[in-house]
Each structure stands twice: as structure tokens, then as C-alpha cells.
Amino acid sequence: MMLIPRRNYGLNLFDEFFNDPFFTGSREKAEEPKNLPVMRTDIREKDGNYLLDVELPGYSKEDIRIELKDGYLTITAQTSVESDEQAKGSYIHRERYTGSCKRSFYVGEQLRQEDIHAAFTNGVLRLTVPKDAPKAVEEAPKYISIN
């Protein structure tokens with residue numbers, strides 16, 4: 001039996017077929033940013049707030065940073081794989097994502113850190129951002145705690 005790795009993360013199988021190293025000539029050309037995991041986000045409006053549900057599977061609460069600066073809410077997640085290969089043996093193929101991803105949303109310059117609430121459960125980061133908050137402008141970058 002032969003195992004063939006999937007590099008598309010379920011995004012588009014037809015495009016993945018023609019991006020295979022057989023057609024492109026090298027694996028480096030086949031790997032494109034669109035094939036990497038991204039922060040898939042759902043934004044809803046409820047009770048005068050925006051609710052953002054950001055999928056971050058495989059990340060822990062400690063791997064995520066949320067920053068508010070100049071009206072932009074920036075979510076950064078970074079993960080790495082611990083190298084304990086001696087205990088587990090050597091890998092033939094490994095499909096664990098390591099690295100970082102970042103996404104920004106413009107929320108308005110009137111919002112403050114205290115106005116935004118965050119919670120992280122089961123790989124989903126939920127942010128509550130008020131639609132209207134006429135308050136003072138945030139000067140220095142402030143980080144938002146995750147419950």
C-alpha cells in the first residue's frame with residue numbers, strides 16, 4: 001500500500017491536481033500560500049456587537065496573541081513541533097503545520113482594549129467587538145487577554 005500526502009487541506013482538489021510536482025517540475029512550485037492552513041473566520045452581528053469566530057485548530061491559548069493598534073485588531077498565532085524524534089522513532093512523512101499566521105481586521109480607532117472580549121475553546125477563538133464605542137483613542141499597542 002502506498003500513502004500519498006495531501007497538500008491542499010481540502011481547499012480545491014482540481015487545482016491541486018495540476019499543482020502536483022509531476023506537472024510543475026518541483027515540489028517548491030507546488031506549495032502555494034493558498035494551500036496552507038489559514039484563520040477561517042465567521043463574523044456575525046448580534047445585540048450591537050460583532051462576533052468573530054476564528055478557527056485555530058492545533059493551537060493552544062498560549063500560542064495566540066491579539067493586539068489592538070491604530071484601529072486594527074490583529075490576531076497572531078504561532079506554533080512549533082517539539083523535536084523528540086529519538087523517543088518516537090524517525091518519521092517517514094509528517095503533516096504537522098508549524099509556523100505562524102496573522103490576520104488583521106479594522107475595528108475603528110475609537111475602540112479600546114477594554115471594549116473587546118476574547119475566549120478560546122475547542123480550537124475556536126471567539127471575539128466580541130462592539131459596533132459603536134465613542135471613547136478615547138488607544139495610543140500604545142495593548143494585548144487582549146484570552147479567557
Side-chain angles (χ1 to χ4, degrees), residues 3-20 24 27-147:
L3 298 176
I4 301 173
R6 289 184 56 191
R7 293 178 305 278
N8 66 349
Y9 298 96
L11 296 177
N12 191 335
L13 293 176
F14 188 75
D15 286 345
E16 174 61 18
F17 178 77
F18 289 106
N19 284 335
D20 192 86
T24 60
R27 184 172 179 93
E28 288 73 31
K29 283 191 213 173
E31 297 296 330
E32 294 181 6
K34 71 175 186 171
N35 292 337
L36 297 177
V38 294
M39 294 183 187
R40 295 186 175 142
T41 305
D42 296 332
I43 302 174
R44 294 180 286 139
E45 182 181 351
K46 182 179 178 185
D47 300 329
N49 293 315
Y50 291 117
L51 302 176
L52 284 80
D53 290 332
V54 183
E55 288 184 359
L56 294 167
Y59 291 93
S60 66
K61 177 180 164 181
E62 292 77 26
D63 296 334
I64 304 167
R65 293 178 61 127
I66 307 168
E67 179 183 3
L68 177 65
K69 183 178 179 186
D70 298 329
Y72 285 91
L73 182 69
T74 303
I75 304 166
T76 306
Q78 184 171 358
T79 185
S80 62
V81 176
E82 297 176 14
S83 60
D84 54 347
E85 294 183 21
Q86 300 293 8
K88 294 182 179 180
S90 61
Y91 290 98
I92 304 300
H93 179 74
R94 193 168 193 181
E95 291 186 350
R96 300 289 180 263
Y97 175 74
T98 60
S100 65
C101 52
K102 185 177 188 179
R103 189 151 184 199
S104 295
F105 300 94
Y106 183 76
V107 294
E109 295 183 9
Q110 294 79 22
L111 287 180
R112 299 185 326 175
Q113 171 192 358
E114 297 83 24
D115 299 331
I116 301 170
H117 303 285
F120 185 71
T121 54
N122 297 327
V124 177
L125 176 66
R126 173 163 285 177
L127 296 166
T128 304
V129 180
K131 286 177 70 172
D132 299 316
K135 297 181 181 177
V137 175
E138 200 61 46
E139 292 297 324
K142 299 283 183 164
Y143 295 99
I144 294 149
S145 63
I146 302 171
N147 297 328

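Rounding to the nearest 0.5 angstrom, the gap separating the CG atom in Asp47 from the NZ atom in Lys131 is 11.0 Å. Atom OG1 of Thr128 sits about 11.5 Å away from atom CG of Asp115, to the nearest 0.5 Å. The NZ atom of Lys61 sits 7.0 Å away from the CD1 atom of Ile146 when rounded to the nearest 0.5 Å. For the atom pair Glu109 CD and Tyr72 OH, the distance stands at 8.5 Å (nearest 0.5 Å). Atoms CD1 and CG, from Ile64 and Leu56 in turn, are 4.5 Å apart once rounded to the nearest 0.5 Å.
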Kindly list each side-chain donor-acceptor pair under 3.5 angstrom involving residues 117-127, sequence neighbours excluded, with atom names and distances?
residue: Arg126; atom: NE; partner: Asp53; partner atom: OD1; Å: 2.7
residue: Arg126; atom: NH2; partner: Asp53; partner atom: OD1; Å: 3.2
residue: Arg126; atom: NH2; partner: Asp53; partner atom: OD2; Å: 2.9

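At a threshold of 4.0 Å, the pair Lys69-Glu67 does not count as salt-bridged, since none of the basic side-chain nitrogens sits closer than that to a carboxylate oxygen.
For Phe105, the ring-ring contact (aromatic ring centres under 6.0 Å, His included) test picks out no residue, with sequence neighbours left out.
Taking 4.5 Å as the limit, every side-chain heavy atom of Gln78 sits out of range of all side-chain heavy atoms of Asp63. With contacts defined as side-chain heavy-atom distances shorter than 4.5 Å, the pair Leu111/Pro130 qualifies. Contact of the Val54 side chain with the Asp42 side chain is not registered, since no non-hydrogen atoms from C-beta on lie closer than 4.5 Å. Counting only heavy atoms from C-beta outward, the side chains of Val129 and Asn49 never approach each other to under 4.5 Å.
Taking both residues in full, the closest heavy atoms of Arg112 and Leu68 are given as C-CD2, 3.5 Å, listed atom of the first, atom of the second, then distance. Scanning all heavy atoms of the two residues, the minimum distance from Cys101 to Met39 falls at O-CE, 3.4 Å. Minimum interatomic distance between Leu52 and Ile43 (heavy atoms only, all atoms of both residues): CG-CG1, 4.0 Å. The shortest heavy-atom contact between Tyr106 and Gly71 is CD1-O, 3.4 Å.
The closest side-chain donor-acceptor pair between Arg65 and Tyr143 falls under 3.5 angstrom. Thr41 and Arg103 share a side-chain donor-acceptor pair at under 3.5 Å.
Of the possible polar contacts, none joining the Lys102 side chain to the Ala77 backbone as a donor-acceptor pair under 3.5 Å is found.
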